[in-house]
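Working notes for the structure below.
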2 protein chains.
Amino acid sequence: MRSSETIASATGYLLLKLANLASARMEEALLPFRLRGRDLRVLAFVEDGELSQRDLCERTGLDRTTMVAVIDELERNGYVRRERSPSDRRKQLITVTADGRTILSEALTAMRRTEDDFLAPLGEDDQRQLHRQLSLLYAAHDPRCHTDETPDPELLPSSGVGVAGTRHSEGPTRPTS
Amino acid sequence: MRSSETIASATGYLLLKLANLASARMEEALLPFRLRGRDLRVLAFVEDGELSQRDLCERTGLDRTTMVAVIDELERNGYVRRERSPSDRRKQLITVTADGRTILSEALTAMRRTEDDFLAPLGEDDQRQLHRQLSLLYAAHDPRCHTDETPDPELLPSSGVGVAGTRHSEGPTRPTS
DNA sequence: GCTGATCGTCAGCGTAGCTGATAATCAGCT
DNA sequence: AGCTGATTATCAGCTACGCTGACGATCAGC
């Protein structure tokens with residue numbers, strides 16, 4: 001087998017390619033709602049209750065500075081409101097507006113449809129299988145996961161690698177050896 | 001079910017998160033070789049024969065300008081050489097050097113190990129299943145795929161990485177976190 | 001020898017996320 | 001009360017990435 005074939009059929013490679021394809025579709029489907037993927041993610045957690053930006057960072061895995069931009073965007077569109085916490089005036093409590101709730105619901109429906117569409121080539125059984133395996137894998141790699149299928153409480157390596165975002169490059173990209 | 005749970009357990013979401021985690025690990029594993037994901041991907045195709053940069057673009061899905069940077073890097077490290085084609089002096093034929101071949105082999109091995117490690121939380125059967133499903137899905141979505149979507153279980157779980165390049169054929173390219 | 005297309009290259013733009021610094025605020029200690 | 005250190009949100013700046021658009025060199029067709 002040639003090296004190029006080795007690469008092209010690797011599970012990791014497939015994972016990346018599919019993730020890109022999927023995210024492109026998701027972003028596309030979210031355009032009408034004036035949302036981007038990360039916005040929707042945050043918005044979904046906002047609905048859980050009165051959370052500070054910090055809390056949202058922890059749950060979504062976004063950086064604190066990125067969160068500022070996301071909330072800015074959501075607020076500009078009128079989907080959420082910032083309110084200083086009475087008990088701790090450092091915190092901004094993020095609450096969803098009526099508009100936000102509506103949009104969230106519609107966007108989630110659109111997401112679901114897009115996802116079903118994307119997974120359609122697989123049979124129903126395979127879809128369930130795939131979801132189960134991804135859940136297991138994710139749970140094993142992310143200690144504080146929020147997936148419904150938490151398999152084993154024993155946390156695996158997790159290897160100190162950042163949870164979210166592609167943070168390649170530590171310092172100069174050339175590891176001078 | 002709360003919205004946040006809907007999101008967090010969505011197959012698409014898991015796909016994205018896992019792809020990020022995986023690519024971070026791959027990049028990390030490639031550091032000692034002075035390679036990045038995209039470099040390895042290109043290098044693997046270079047080995048297939050005498051290809052121009054344009055050819056490599058088509059096969060790897062990278063942009064032509066990005067390819068320049070990749071080849072620059074590979075050449076600086078002595079893994080490939082540029083040679084003007086005698087028959088068409090516009091083209092740069094990219095050939096792999098002895099060093100490049102060695103590094104490629106070692107890097108592929110490292111990739112395989114990293115991938116095995118990453119997939120370890122799943123049982124062997126699940127790993128095969130996962131690979132098969134991803135292959136099917138990818139084949140269904142990418143017309144000119146290079147994968148052998150024929151799920152031959154005995155044929156190595158494989159290896160590799162790729163900072164996936166998105167074809168310009170698809171919609172807005174915005175890899176969501 | 002023109003004309004138009006192709007290949008590689010470079011400069012510039014936009015985006016994403018991160019680091020580091022800052023002001024406001026809180027909690028603990030004396 | 002006052003001082004000290006931690007925490008929250010914010011902003012400016014940096015880095016990395018890939019893309020668009022322009023350019024010189026080269027080729028193919030006429």
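So you know, we letter chains A, B, ... as the sequences are listed, proteins then strands, and number each from 1. Quantities reported herein were computed from a predicted structural model and do not represent experimental measurements.
- Here D:dA25 presents its C1' atom at 14 Å from CD of B:Q53, a figure rounded to the nearest Å.
- When the P atom of D:dT8 is taken as reference, atom CG of A:D63 falls 14 Å away, rounded to whole Å.
- Each of C:dA16, D:dC17, C:dG8 was ranked by its minimum atom distance to the side chain of B:R36; first place goes to D:dC17.
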What verdict does the salt bridge (charged side-chain N to carboxylate O under 4.0 Å, His left out) test give for A:D55 and A:K91, after you've listed the backbone C-alpha separation in whole Å, the side-chain angles of each residue and the deciding distance to 0.1 Å? CA-CA 10 Å; A:D55 296 333; A:K91 296 188 179 180; 5.3 Å; no
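- Nearest heavy atoms, A:S4 versus B:D48: OG-OD2, 2.6 Å.
- One interatomic measurement links the two molecules: CG of B:L16 to P of C:dG17, which rounds to 12 Å at whole-angstrom precision.
- The side chain of A:T66 lies closest to C:dC18, out of D:dG18, D:dC17, C:dC18.
- Using a 4.0 Å cutoff on non-hydrogen atoms, the parts of residues 81-93 of chain A near DNA chain D are A:R82, A:R90, A:K91, A:Q92, ordered by number.
- Distance A:M67 CE to D:dC11 P: 15 Å, rounded to the nearest Å.
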Check against salt bridge (charged side-chain N to carboxylate O under 4.0 Å, His left out), A:R113 and A:D116: CA-CA 5 Å; A:R113 194 164 46 239; A:D116 287 349; over 6 Å; no
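- Classified by interplanar angle (parallel below 30°, tilted 30° to 60°, perpendicular above 60°), the ring pair B:H141/A:F118 is parallel.
- The nearest whole Å value for the distance from the CD atom in B:E27 to the P atom in D:dC17 is 8 Å.
- Atom CZ in A:R54 sits about 15 Å away from atom C1' in C:dC26, given to the nearest Å.
- Listed in residue order, the members of residues 72-79 of chain A having a heavy atom less than 4.0 Å from DNA chain D come to none.
- No side-chain donor-acceptor contact under 3.5 Å links B:T97 and B:D99.
- Smallest separation of non-hydrogen atoms from A:L136 and B:D126: CD1-OD2, 4.4 Å.
- B:L40 and B:M111 make their closest contact through CD2-CG, 3.5 Å (heavy atoms, listed as atom of the first residue, atom of the second, distance).
- Base pairing of C:dT30 is made with D:dA1, judged by Watson-Crick or G-U wobble geometry with both donor-acceptor distances under 3.5 Å.
- The backbone N or O of B:A10 lies less than 3.5 Å from no partner atom in the side chain of A:E115, so there is not a single donor-acceptor pair.
- Regarding A:L62, its CG atom lies at a distance of 14 Å from the P atom of C:dT19, rounded to whole Å.
- Summarising the geometry, the separation between CZ on B:R64 and P on D:dG24 is reported as 16 Å, rounded to the nearest angstrom.
- For A:T65 and D:dC11, the shortest distance from a side-chain N or O to OP1 or OP2 is not below 4.0 Å.
- Taking 4.5 Å as the limit, every side-chain heavy atom of A:T114 sits out of range of all side-chain heavy atoms of A:E27.
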